[in-house]
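One-based numbering, in listed order, for ligands and for the atoms of each.
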Amino acid sequence: MKIAIIGTGNLGQSIAKGLVTNQELTSLYLTKRNLTELKEFEHYKNVVLTQDNSEAVQHTDVLIFAVQPAHLEGVLKKIQSVLTKKHIIISTITGVSVADIERMVGEDKCIVRAMPNTAIAVGKSMTCMCSNALGKQRIDIAESIFNKLGHTLEIPEAQMQAATVICASGIAFWMRLIRATTQGAIQLGFDAKEAQQLAMYTSEGAASLLIQNKQHPEQEIDRVTTPKGCTIEGLNEMEHKGLSSSLIQGIVASFHKINTIKKEQL
Ligand SMILES: NC(=O)C1=CN([C@@H]2O[C@H](COP(=O)(O)OP(=O)(O)OC[C@H]3O[C@@H](n4cnc5c(N)ncnc54)[C@H](OP(=O)(O)O)[C@@H]3O)[C@@H](O)[C@H]2O)C=CC1
Ligand SMILES: O=C(O)[C@@H]1CCC=N1
């Protein structure tokens with residue numbers, strides 16, 4: 001597999017870490033204008049760091065685009081002459097549709113939109129995908145890459161923005177919940193390191209219960225909430241203060257913002 005990441009920033013570096021750890025690669029090209037941040041990848045023998053996007057495109061088959069939305073069109077224009085039908089174009093760009101990309105590179109190209117998250121660095125991304133008609137024929141190749149780096153789900157393109165909020169932004173939302181739990185644990189007497197350990201592994205345990213037991217969260221909550229006990233006391237207080245409601249409102253606000261990103265930047 002010959003893969004290029006065009007725009008190796010926060011997400012691109014997370015994908016690169018996942019790839020060098022979890023995939024057998026013939027070659028991985030990482031591009032960026034300023035390469036100093038990519039030093040950690042220098043020692044991998046099959047990894048090439050370059051500022052030249054055209055060089056990366058010419059030597060690879062799968063192109064993962066991870067530049068900011070405002071930069072995509074300019075980047076695609078400059079590589080247009082070396083882009084061929086053999087390439088699978090995978091865009092992780094928020095708010096940019098398959099039709100937008102077809103307009104930039106032509107309808108005769110194989111286009112997949114993938115929305116991973118930064119947990120791809122540790123092989124735990126939830127990655128949603130959709131494609132154009134040609135991309136559909138080879139989406140299994142994209143799936144095979146992302147399945148080694150977590151879980152994948154093919155969805156209608158109309159749901160891509162919602163998936164961006166839940167899965168990509170979701171990492172930040174969950175981090176804040178873990179941090180808040182850590183702060184609570186410190187207030188109850190744990191030192192900061194222990195507090196984070198308690199919060200991290202408890203959240204991992206909660207997710208693992210749902211994944212392995214295939215249960216609804218409320219079924220697991222019922223197992224914990226002793227009548228007149230401390231769990232229901234805490235849970236109800238959180239709900240009186242708007243826990244579920246504020247999470248839902250935050251998710252919806254994030255979703256509405258995506259439409260403005262596209263209008264502002266493309
Ligand atoms: N961060 C995340 O968790 C997620 C991000 N996304 C999407 O991924 C994209 C990237 O996001 P993120 O990684 O956070 O952004 P970053 O700004 O961290 O990364 C973008 C990278 O693109 C590079 N770049 C800019 N211009 C060029 C160019 N002409 N050629 C090659 N590289 C270039 C920049 O480096 P330099 O200036 O050195 O060239 C920069 O490091 C966005 O579209 C975002 O919507 C999607 C899901 C999750
Ligand atoms: O915040 C953003 O706009 C990007 C998309 C999802 C994660 N980061």
Exercise. Backbone N or O of His256 within a donor-acceptor pair of the Thr260 side chain at under 3.5 Å?
Worked result: no
Seminar exercise, completed: Closest to atom 46 (C) of ligand 1 among protein heavy atoms sits Thr92 O, 3.3 Å
Exercise. Considering only protein heavy atoms, which is closest to atom 19 (O) of ligand 1, and at what distance to one decimal place?
Worked result: Gly9 CA, 3.3 Å
Exercise. Taking heavy atoms and a distance under 4.0 Å, where does Val75 meet ligand 1: side chain, backbone, both or neither?
Worked result: side chain
Exercise. Which residue and non-hydrogen atom of the protein lie closest to atom 22 (O) of ligand 1, and at what distance in Å?
Worked result: Gly7 CA, 3.5 Å
Exercise. For atom 47 (C) of ligand 1, which protein heavy atom lies nearest, and how many Å away is it?
Worked result: Met115 SD, 3.3 Å
Exercise. Can you list the atoms of ligand 2 that are under 4.0 Å from a heavy atom of Thr94?
Worked result: 5 (C)
For this session: Decide whether the shortest distance between a heavy atom of Asn117 and an atom of ligand 1 is less than 4.0 Å.
Result: no
Exercise. Tell me, which protein residue and heavy-atom name are nearest atom 18 (O) of ligand 1, and how many Å apart are they?
Worked result: Asn10 N, 2.9 Å
Exercise. At a 4.0 Å cut-off, with the gap strictly under it, does some heavy atom of Gly95 reach an atom of ligand 1?
Worked result: no
For this session: Could you tell me whether Lys148 and Glu24 have a side-chain N and a carboxylate O separated by less than 4.0 Å?
Result: no
For this session: Give the contacting part of Ser14 toward ligand 1: side chain, backbone, both or neither, where contact means a heavy-atom distance below 4.0 Å.
Result: neither
Exercise. Could any protein non-hydrogen atom be found less than 4.0 Å from atom 5 (C) of ligand 2?
Worked result: yes
For this session: For Lys86, look at atom NZ and say whether over 12 heavy atoms of other residues, nucleotides or ligands are found less than 6.0 Å away.
Result: yes
For this session: Looking only at protein heavy atoms, identify the closest one to atom 20 (C) of ligand 1 and say how far it is in Å.
Result: Ala66 O, 3.4 Å
Exercise. Would you say the side chain of Phe146 lies within less than 4.5 Å of the side chain of Ile120, judging by non-hydrogen atoms?
Worked result: yes
For this session: Would you mind listing which atoms of ligand 1 come within a distance below 4.0 Å of any non-hydrogen atom of Pro116?
Result: 47 (C), 48 (C)
For this session: Would you check the N or O atoms of Thr118, main chain and side chain alike, for any that come under 3.5 Å of an N or O of ligand 1?
Result: no
Problem set entry | Residue-ligand contact Ile6/ligand 1, heavy atom below 4.0 Å | no
Exercise. Short question: side chain of His87, backbone of Thr60 - any donor-acceptor pair under 3.5 Å?
Worked result: yes
Exercise. Can you tell me if Asn22 uses its side chain to pair, donor with acceptor, with the backbone of Leu149 under 3.5 Å?
Worked result: no
Problem set entry | Option of least heavy-atom distance to atom 36 (P) of ligand 1 (set: Gln68, Glu37, Arg33) | Arg33
Exercise. Mind checking whether Leu11 has an N or O less than 3.5 Å away from an N or O of ligand 1?
Worked result: yes
Problem set entry | Side-chain donor or acceptor of Asn132 paired with backbone N/O of Lys109 under 3.5 Å | yes
Problem set entry | Ser27 side-chain N/O to Asn46 backbone N/O, donor-acceptor pair under 3.5 Å | no
For this session: Say whether, by atom type as modelled, one donor and one acceptor occur between the side chain of Ser125 and the main chain of Asn117 under 3.5 angstrom.
Result: yes
Exercise. By number and element, which atoms of ligand 1 are closer than 4.0 Å to a non-hydrogen atom of Thr31?
Worked result: 31 (C)
Exercise. Any idea which atoms of ligand 1 are less than 4.0 Å away from a heavy-atom of His71?
Worked result: 25 (C), 26 (N)
Problem set entry | Side chains of Ser97 and Asp100, donor plus acceptor under 3.5 Å | yes
Problem set entry | Whether Gln23 side chain and Gly18 backbone form a donor-acceptor pair below 3.5 Å | no
For this session: Look only at the side chain of Glu55 and the backbone of Thr50, and say whether a donor-acceptor pair between them is shorter than 3.5 Å.
Result: no
For this session: Check for a donor-acceptor pair, side chain of Ser203 on one end and backbone N or O of Met200 on the other, with a separation under 3.5 Å.
Result: yes
Problem set entry | Val165, Thr164, Ile155 screened by side-chain contact (heavy atoms from CB on, under 4.5 Å) with Met115, the one that passes | Thr164
For this session: Under 4.0 Å, heavy atoms only, figure out whether ligand 1 is touched by the backbone of Lys32, its side chain, both or neither.
Result: both
Exercise. How close does the nearest protein non-hydrogen atom get to atom 8 (N) of ligand 2, and which residue and atom is it?
Worked result: Ser169 OG, 5.0 Å
Seminar exercise, completed: atom 48 (C) of ligand 1 has as its nearest protein heavy atom Ala168 CB, 3.7 Å
Exercise. Taking distance alone, with no angle check, do Val67 and ligand 1 share an N/O pair under 3.5 Å?
Worked result: yes
Exercise. Taking the side chain from Lys17 and the backbone from Phe41, do they hold a donor-acceptor pair closer than 3.5 Å?
Worked result: no
Problem set entry | Shortest protein heavy-atom distance from atom 3 (O) of ligand 2, along with the residue and atom involved | Ile261 CD1, 3.9 Å
Problem set entry | Nearest protein heavy atom with distance in Å, relative to atom 45 (O) of ligand 1 | Thr94 OG1, 2.5 Å
